[in-house]
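Every chain is numbered from 1, with letters handed out A, B, ... down the list of sequences. As the structure is a prediction and not an experimental result, all values here were calculated from the model.
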Amino acid sequence: MLDKAYDPKATEDAIYASWEKSGAFKPESCPKDGEPFTISMPPPNATGQLHLGHAVMLALEDIFIRFARMNGKRALWVPGTDHASIATESVVIRKIQKEEKVTDPRKTLGREGLLKRIHEFVEDSRGTIRGQVRKMGSSCDWERERYTMDPTLARTTYEIFTDMYNKGVIYRGHRMVNWDPKLQTTLADDEVVYEEKTEPFYTFRYGPFEISTSRPETKFGDKYVVMHPDDKRYKKYKHGDTFDAEWINGSVRATVIKDTSVDPEFGTGVMTITPSHDHIDFEIAERHGLEKEQVIDFSGALLKVAGEFAGMKIDVARPLIVEKLEKKGLLVSVKKDYQHNVAISSRGGGIVEPQIKEQWFVDVNREAVPWKGSKQSLKAVMQDTVRSGMIKIIPAQFEKIYFNWIDNLRDWCVSRQIWWGHRIPAWYRNGETYVGVQPPEGDGWEQDSDTLDTWFGVAQWTWSTLIDPKAAADPSLSLRQIFEKSPHLKTFHPTTVMETGYDILFFWVARMILMTTYSLSVLAWGKDESERIPFKTVYLHGLIRTRDGKKMSKSHPETMIDPLDMISKYGADALRLSMIVGQAPGADSRLYEEKIAGYRNFINKLWNASRFVLMQCEQVGIDPKTIDKLPENASLSLADRAVLHASECLIEDITKGLRSYNLSGAGDKLYSFVWDYFCDWYLELSKGTANHAVLVHVLRRILKLLHPYCPFVTEQLWGQVKKTADRALISETWPAVHEKRKDPKAFMDLQVLIDVISSIRKLRNDHNVEPGKEITVTIVGKKFCELLESQEAHIRRMCKVGSLTFTTDSVKVENAASAFLSDIEIHLSLAGLFDAGKLKESLLREQAELTKYVSGLQGKLSNKSFVDKAPKELVDEQKTKLAETEEKLKKIEERLKQID
RNA sequence: GGGCAAUUAGCUCAGCUGGUUAGAGCGCCACAUUGACAUUGUGGAGGUCACAAGUUCGAAUCUUGUAUUGCCCACCA
């Protein structure tokens with residue numbers, strides 16, 4: 001017999017191990033003719049700990065996969081980890097700095113040495129992650145686990161890079177980048193955060209103009225003044241005019257430039273530009289072919305052009321420069337409380353200094369992708385996949401956001417000045433450049449020291465993980481031949497659904513669309529465009545926040561909820577439910593311990609309901625595992641027929657909900673079915689008159705339907721109600737709807753019984769009838785008398801009724817509390833307990849409520865346009881409702897008279 | 001500055017294409033409790049669905065505007 005309470009800790013690990021051992025996670029265990037259903041697991045960073053973001057991702061994907069598997073699909077879930085270049089490198093460097101007191105591990109260890117250390121760290125960490133993913137119950141195929149630094153994935157990354165280079169989609173060029181002087185690396189736009197700061201805003205005299213700046217230290221090389229061409233104040237200056245201006249270190253010859261990007265309303269409407277250290281200025285300089293002189297070096301110090309200030313860090317130099325200009329009489333004014341945004345590195349926290357550097361870029365506008373009969377740009381293809389409906393994003397509002405992002409998309413800088421990652425497959429020798437998967441032959445070649453943006457490689461994740469590693473290891477094969485020798489790729493790609501957080505829609509989801517459509521199109525693999533996409537559906541989940549709606553952050557450990565902690569306290573099933581039920585896709589949600597505890601209670605309720613079923617069977621010596629047939633409908637009790645009907649409807653609802661990705665709604669329905677219907681009514685009604693076959697049957701249904709949500713407890717219970725020789729629940733088939741078992745009449749009739757029992761209970765409560773004290777009830781009903789008579793035993797037991805009379809005639813009632821349902825009157829004799837005041841009070845309350853309702857209905861029905869235009873059924877329904885309620889009111893009036 | 005969303009009970013949230021007297025969980029109040037379950041049961045209190053106008057026979061739901069909040073993108077010399 002089962003314990004009194006479910007103990008997840010004692011069972012979860014063993015159940016997981018048995019699933020894994022049985023091969024149930026592998027698509028090979030599914031029916032051979034099943035439709036493929038694939039999910040690529042977004043690979044967690046190989047830096048350590050599973051957090052709630054991963055937990056919610058794993059829970060959602062596991063539900064998708066288990067549902068698909070039970071529906072006979074060939075379900076494949078590919079797990080993996082990401083090398084996460086920047087994040088991992090900085091974690092390891094910090095670790096070495098802290099633990100070994102090495103100030104600059106790059107210098108001390110060298111490239112090879114540091115990479116070795118990072119590699120060791122990652123191996124260790126990947127093991128931890130694997131264990132944690134298992135704890136969540138994730139049914140992924142571990143034999144297909146991949147890692148972004150696997151040789152196969154490295155090869156596809158280099159192959160595609162080379163191909164893009166050869167087709168001119170990847171180019172090397174000078175571009176303004178976000179340079180982090182502290183970490184000595186380039187940052188992606190997304191890695192820059194802006195902080196509002198208050199700094200002085202200076203206005204200086206510059207020749208005949210006044211110009212303003214918050215960064216005087218960049219102004220040394222300025223020799224262009226820019227203004228809007230339509231600005232009337234500066235009409236007399238023509239584009240290209242030159243003049244001499246006294247400046248920081250002597251006189252400079254300046255040129256007038258007219259450009260529409262200048263806002264005449266801002267400051268004086270005139271500015272000087274620093275093309276080397278400002279994005280906008282760079283663009284202006286590019287437009288007009290202006291010189292770009294570097295003023296600040298890569299460590300953040302001033303260069304020779306600064307004259308006496310050369311070598312100074314900018315924060316030191318700034319006040320000195322202002323002082324000098326003031327002495328020269330060039331300082332016009334200082335605005336002290338100027339607020340503006342300063343670019344900060346999200347990695348190192350230092351101020352970002354824009355610099356011009358040689359970088360590798362992906363050209364998003366070059367028309368190089370064969371798509372629907374012509375060559376299209378990456379941008380156009382990215383738009384088309386979603387616009388044409390090949391890829392569907394859930395929730396749909398993110399499609400708008402996606403398009404908006406693509407409209408503003410610029411070329412993608414893919415090189416990073418770090419060591420950990422895929423090193424750029426480019427070699428240089430005396431001004432020659434070679435790009436290829438294999439190093440060039442001959443001496444004197446030097447490989448680019450940069451690595452690729454992590455997202456470049458991992459953007460191929462959906463398909464590169466399905467490539468056969470053996471084929472990829474053969475250098476004589478071309479990528480196309482490797483594709484041909486990868487049957488899994490053909491079967492399981494495009495993947496069915498990509499589930500991830502909306503925060504990486506741009507970082508990753510969009511870039512997967514970019515890289516995958518490019519790769520599979522250019523390599524002419526997959527004739528139809530719809531076979532060249534990475535996934536058919538994108539399901540985005542929101543951020544999990546604290547109870548107060550704040551972000552959980554490592555810097556405030558008290559706000560963090562550790563999923564592993566919660567699993568050991570409440571079980572993985574409870575955690576999964578708490579993250580999914582009540583959470584709309586794409587919306588942020590709040591999680592706190594009471595919520596998880598609530599779902600733990602639900603799991604326990606299910607456990608005990610099962611325990612009850614087993615006990616019922618035991619009492620009469622039936623082995624629940626051997627039950628396999630349901631008796632004919634006709635021989636079943638009302639409650640049995642009703643619960644069978646309800647469970648058939650439940651199957652329909654849940655199936656529909658899961659198919660349409662409404663996991664929250666379906667979960668909620670399961671919760672209330674189990675608790676509010678199955679436990680509160682059906683189990684209660686079956687006490688004493690249990691039909692064991694129906695009990696076991698409905699319980700099995702519930703276990704199946706709940707299995708995707710809470711796999712552990714349902715699997716555990718399944719072993720109690722099914723022969724061990726049969727399939728484990730994970731491999732069971734999803735229940736089908738049997739129309740024959742539907743019985744709406746029984747369902748409605750049971751509803752009447754429930755109403756009657758509830759009303760009697762309410763009356764007892766209203767009139768403070770002592771608990772346990774048996775009472776006498778008279779039920780008067782025209783339509784339902786016979787029905788209720790047959791359920792007498794239930795009413796008696798569940799309401800503690802001593803004697804019960806049924807009659808179809810109206811009766812004279814005295815000393816009784818009464819309730820009036822439609823067509824049914826209930827009179828509870830209260831001899832000795834009778835409280836006229838209380839009785840009158842409750843009748844008057846009900847009368848007032850009903851009167852209000854009736855007048856509402858009457859108004860509605862006397863409205864001609866309602867009667868004419870509303871659906872006829874609705875009008876009829878409201879008419880019936882009105883008649884019923886008026887009847888009820890009459891009865892209440894009668895009772896009131898009697899009391900008086 | 002551009003874009004996207006949200007506002008429903010004390011708290012956290014459901015409420016699908018407009019249609020019974022707006023729901024759940026937690027919390028609160030009262031009562032119960034030896035046999036599935038105190039990780040429980042029964043009953044209850046608590047809401048002008050942010051505000052205003054409009055469309056409609058009918059609006060939490062559709063339209064417009066206002067207010068508040070949140071997020072994303074861009075970033076101003």
Side-chain angles (χ1 to χ4, degrees), chain A residues 2 4-6 189-190 194 201 211-215 218-219 226 261-263 266-274 278-281 340-341 343 395 397-398 400-401 403-405 407-408 502-503 505-506 542-543 547-549 570 574 581-584 586-592 594-595 597-616 619 657 660 662 664-665 668 671-672 676 679-680 683-684 687 758 761-766 768 770-772 798 849-850 852-853 856-857 860 863-871 873-875 877-878 880-881 885:
Chain A
L2 300 174
K4 246 186 165 178
Y6 174 55
D189 286 349
D190 330 281
Y194 292 88
F201 188 61
I211 57 115
S212 303
T213 185
S214 58
R215 300 201 56 192
T218 64
K219 296 283 148 195
V226 190
S261 67
V262 177
D263 176 8
F266 190 90
T268 59
V270 182
M271 65 179 191
T272 61
I273 56 166
T274 313
D278 186 282
H279 289 94
I280 302 278
D281 293 3
H340 69 145
N341 285 332
Q397 81 236 26
F398 280 95
K400 283 187 211 164
I401 299 173
F403 289 129
N404 196 278
W405 180 78
D407 287 342
N408 299 312
Y502 68 74
D503 51 327
L505 175 63
F506 307 136
L543 242 58
R547 184 192 207 102
D548 317 317
Y570 303 105
V581 178
Q583 316 296 6
D588 290 353
S589 60
R590 304 175 187 206
L591 189 68
Y592 36 88
E594 297 96 292
K595 211 182 215 172
Y599 286 101
R600 184 267 322 265
N601 295 356
F602 169 71
I603 302 281
N604 192 56
K605 187 80 182 172
L606 175 70
W607 179 264
N608 273 294
S610 310
R611 196 163 157 251
F612 173 79
V613 173
L614 296 174
M615 282 170 125
Q616 294 291 313
Q619 271 171 23
S660 57
N662 180 5
S664 170
D668 198 44
Y671 181 100
S672 58
D676 305 337
C679 292
D680 288 354
L683 292 190
E684 288 304 325
K687 280 179 183 167
S758 300
R761 281 176 177 170
K762 191 166 179 277
L763 285 174
R764 289 191 68 124
N765 235 293
D766 282 356
N768 291 339
E770 278 171 49
M798 291 176 76
E849 270 173 33
L850 292 177
K852 204 172 129 201
Y853 179 47
L857 278 179
K860 217 181 214 180
N863 184 333
K864 258 195 178 163
S865 32
F866 172 73
V867 180
D868 293 345
K869 292 183 189 171
E873 296 157 24
L874 185 73
V875 178
E877 200 186 306
Q878 305 260 298
T880 325
K881 215 84 200 177
T885 316

Original post:
When you measure from the side chain of A:Ala870, which nucleotide among B:G43, B:G41, B:G19 comes out closest?
Top reply: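 Nucleotide nearest to A:Ala870's side chain: B:G19.
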Contact class for [X] vs. all strands (heavy atom < 4.0 Å): base, sugar-phosphate, or nothing?
| X | value |
| --- | --- |
| A:Ser672 | nothing |
| A:Asp278 | sugar-phosphate |
| A:Gly598 | nothing |
| A:Leu874 | base |
| A:Ala587 | nothing |
| A:Val262 | base |
| A:Tyr6 | nothing |
| A:Lys595 | sugar-phosphate |
| A:Asp668 | nothing |

Distance, [atom1] atom - from [M] to [N], rounded to whole angstrom:
| N | M | atom1 | answer |
| --- | --- | --- | --- |
| B:C73 | B:U12 | C1' | 30 Å |
| B:C49 | B:C71 | C1' | 24 Å |
| B:U8 | B:U48 | C1' | 12 Å |
| B:C4 | B:G15 | C1' | 22 Å |

Original post:
Between A:Trp607 and A:Tyr6, how do the two ring planes meet: parallel, tilted or perpendicular, split at 30° and 60°?
Top reply: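 Correct class here is tilted.
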Original post:
So, is A:Lys869 near the phosphate of B:G19, with a side-chain N or O under 4.0 Å from OP1 or OP2?
Top reply: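 A:Lys869 to B:G19 OP1/OP2: no side-chain N or O under 4.0 Å.
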Subject >> Side-chain N,O (A:Lys687) to OP1/OP2 (B:G35) below 4.0 Å >> reply: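 Checking A:Lys687 against B:G35: no side-chain N or O falls below 4.0 Å of OP1 or OP2.
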Is there, by distance only and without an angle test, a donor paired with an acceptor across the side chain of [X] and the base of [N] below 3.5 Å?
| X | N | result |
| --- | --- | --- |
| A:Lys605 | B:C37 | yes |
| A:Glu684 | B:A36 | yes |
| A:Lys881 | B:U20 | yes |

Subject >> Nearest heavy atoms of A:Glu684 and A:Asp680, plus distance in Å >> reply: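 It is CG-O, 3.1 Å.
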Subject >> Minimum-distance pair of heavy atoms, taken over all atoms of A:Lys860 and A:Phe866 >> reply: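 Looking at all heavy atoms of both residues, the closest pair is O-CD2, 3.4 Å.
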Original post:
Looking at side-chain heavy atoms only, is the closest gap between A:Ile273 and A:Asp278 below 4.5 Å?
Top reply: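 Side chain of A:Ile273 against side chain of A:Asp278, heavy atoms only: no contact under 4.5 Å found.
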Original post:
Does A:Lys605 count as lying over the ring of A:Phe602, i.e. NZ or CZ under 6.0 Å from the six-ring centre, within 45 degrees of the axis?
Top reply: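 A:Lys605 over A:Phe602 ring: no.
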**OP:** In whole angstrom, give the distance that lies between atom CG of A:Leu683 and atom P of B:G41.
**Re:**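 In whole Å, B:G41 P and A:Leu683 CG are 12 Å from each other.
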